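Scroll down for the structure; my scribbles are underneath it.
On a predicted model such as this, the values are computed, not experimentally measured, just so you know. All ligand and atom numbering here is 1-based and tracks the order in the structure.
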Amino acid sequence: MNEIILLKLGEVVLKGLNRRAFEDKLTSNIRRRLQHCGSFQVYSKQSTIYVEPQGGDCDLDGAFTACKQIFGVIAVTRALACPKDKDAIFRCAKAYLDQELRQAKTFKVETKRSDKRFPMNSMEISQYVGGLLHDAYPHLKVDVHRPELCVHVEVREKAAYVHGPSQPGAGGLPIGMGGTAVSLLSGGIDSPVSSYMIAKRGVQLELVHFFSPPYTSPLAREKVEKLARELTAWCGRMKLHIVPFTEIQEAIRAACPEDHFTLIMRRFMMRLAEAVARRTGAKALVTGECLGQVASQTMDALTVSDEVCALPVLRPVIGMDKEEIVRLARKIGTFETSILPYEDCCTVFTPRHPKTHPHLDEVREYEKALDIQGLMERALAGVERITIAMEGQP
Ligand code: ATP
Ligand code: MG
């Protein structure tokens, strides 16, 4: 069977003059993402991207699954190619969608004809193929408004294509079109979701994780690497920057009031993440903060942590309820890993009564007891960079 995958472009098609660049980025993202599924020809034509297997050993199921996780695509469908001939189209529809045609009670045929040299117009093709299908499956009734099964016929340049209903794509914009951002990835539920949400807007991510051995265990670190790997299904290949945080946490505990511990620690996270952004050319930071979720996520607390960085801080889950975040975490496949019970550096030395409405002046005053620059330099000197490859790829 000459089966292929058709991808419908999403917002990409709205981009006017940039459209070409968007399509090129998207096709190259698709090529990279399908490398481990075999050899495919990928090209775009008329708001559709064609993914055609080259040779018999391609994993079409794997490719189809991967295509549903590529940003910039709104719908994905498998289709069968056939010669551009009205009877060949009917035979193809009957063979390819036999099971669906047997199960449905109502149907219609919908045709798009972009090859205007084809001797019948769309309506005539639909009527012809629909008529023959009706004869072949006498139990079927035609319903042009709400059919149970819509048989799609597309007559295009190279061939005709037949397919059933399409499945939703990942939406969003092709990764790389929106520049690069540094995402702060903890082991929690929220930050994988916020990473996914920003990647969806076409942003390539650099991941930063702070770890505090021996207070946090190697298992906690492995958990974060696992989360990062799970994210690659959506976000593509990424770099994970692992930043040693023990000395900073110990210094804060030794020199600052307990109720300000988390706030000052978060300021260091922002400063260090911004330093990584400068090194990597990233233009924003991303966190999984959510308004009111914990003491360090009140508006006053966010003011205190924002003050130390000049880059915009993107907080895509800021207005979401935990339940909504969890639903997304399940959808993108990170939830089960996020709830593994290893401690994060945020849970080391947590104050009994954290300050919820801090004052900037006070915080700055307390920080004077710390050698901020020295602590930063040593943490940055110890950063370890790991490339997180897509699952199934080296
Ligand atoms: P959850 O509330 O589910 O634990 P979380 O870990 O994302 O999610 P917090 O611990 O409150 O929530 O942290 C807020 C944000 O700070 C995180 O979303 C993440 O972006 C960042 N962050 C926290 N801890 C770390 C860490 N160890 N490394 C990198 N970023 C972190
Ligand atoms: Mg957390």
Side-chain angles (χ1 to χ4, degrees), residues 181-199 205-213 215-228 231 238-246 248-249 252 261-277 282 284-298 301-302 304-306 308-309 311 313-330 332 334-351 354 356 379 382-384 386:
V182 165
S183 183
L184 287 78
L185 185 68
S186 68
I189 297 168
D190 307 333
S191 51
V193 171
S194 56
S195 302
Y196 157 87
M197 287 174 80
I198 294 302
L205 297 178
E206 296 274 339
L207 304 174
V208 169
H209 177 68
F210 302 97
F211 83 130
S212 295
Y215 305 106
T216 60
S217 71
L219 286 175
R221 193 186 137 150
E222 274 171 36
K223 171 183 171 180
V224 169
E225 287 179 30
K226 184 160 192 276
L227 282 172
L231 281 172
M238 288 176 289
K239 279 245 156 53
L240 171 62
H241 306 250
I242 302 208
V243 186
F245 209 50
T246 315
I248 291 175
Q249 289 196 289
I252 302 172
F261 176 84
T262 309
L263 289 162
I264 294 174
M265 178 192 78
R266 296 206 59 79
R267 278 161 70 90
F268 272 94
M269 286 188 176
M270 302 312 257
R271 289 188 187 103
L272 289 164
E274 191 173 61
V276 172
L285 306 184
V286 181
T287 76
E289 287 163 305
C290 171
L291 199 60
Q293 193 186 80
V294 289
S296 64
Q297 295 172 17
T298 64
L302 296 179
V304 164
S305 52
D306 273 357
V308 295
C309 64
L311 290 177
V313 181
L314 310 178
R315 298 180 167 99
V317 305
I318 194 77
M320 287 166 73
D321 290 348
K322 197 74 190 184
E323 241 181 71
E324 298 172 288
I325 301 174
V326 164
R327 208 178 306 135
L328 253 181
R330 285 188 195 280
I332 66 174
T334 53
F335 180 74
E336 295 302 328
T337 305
S338 286
I339 59 173
L340 294 174
Y342 310 119
E343 69 297 327
D344 179 57
C345 69
C346 282
T347 56
V348 177
F349 316 143
T350 33
T356 47
V383 173
E384 199 184 319
I386 311 175

Between L184 and ligand 1, is there a nitrogen or oxygen pair with a distance under 3.5 Å?
yes
Ligand 1-proximal atoms of R221, by part, heavy-atom distance under 4.0 Å:
neither
K322 heavy atoms within 4.0 Å reach ligand 1 at atoms 1 (P), 2 (O), 3 (O)
Quick check: does G288 get an N/O under 3.5 Å from an N/O on ligand 1?
yes
Any N or O on I189 sitting closer than 3.5 Å to an N or O of ligand 1?
yes
Mind checking whether S296 has an N or O less than 3.5 Å away from an N or O of ligand 1?
no
Checking side-chain polar atoms at under 3.5 Å, does T356 have a donor or acceptor matched by the opposite partner on T298?
no
Could you work out, with ring-ring contact (aromatic ring centres under 6.0 Å, His included) as the rule, every residue matching F211, not counting sequence neighbours?
none
Identify, by atom number and element, the atoms of ligand 1 in contact range of T287, meaning under 4.0 Å from any of its heavy atoms.
20 (O)
Note, R315 side chain near S194 side chain (heavy atom, < 4.5 Å)
no
Is the closest basic N to carboxylate O distance between E225 and R221 below 4.0 Å?
yes
For V208, the atoms of ligand 1 under 4.0 Å from one of its heavy atoms are 29 (C)
What I want to know is whether M269 and ligand 1 share at least one N or O pair that is separated by under 3.5 angstrom.
no
Quick one: does Q293 get an N or O within less than 3.5 Å of an N or O on ligand 1?
yes
List for me each residue that meets ring-ring contact (aromatic ring centres under 6.0 Å, His included) alongside F245, sequence neighbours excluded, and say none if there are none.
F210
Which ligand 1 atoms does G188 reach within 4.0 Å, using its non-hydrogen atoms?
3 (O), 4 (O), 6 (O), 8 (O)
At under 4.0 Å between heavy atoms, what of V224 touches ligand 1? The answer is neither
T262 and P351: which non-hydrogen atoms are nearest, and at how many Å?
OG1-CD, 3.2 Å
Determine whether M265 and I248 make a side-chain contact, defined as any pair of heavy atoms from C-beta on separated by less than 4.5 Å.
no
Does any non-hydrogen side-chain atom of L328 lie less than 4.5 Å from one of V317?
no
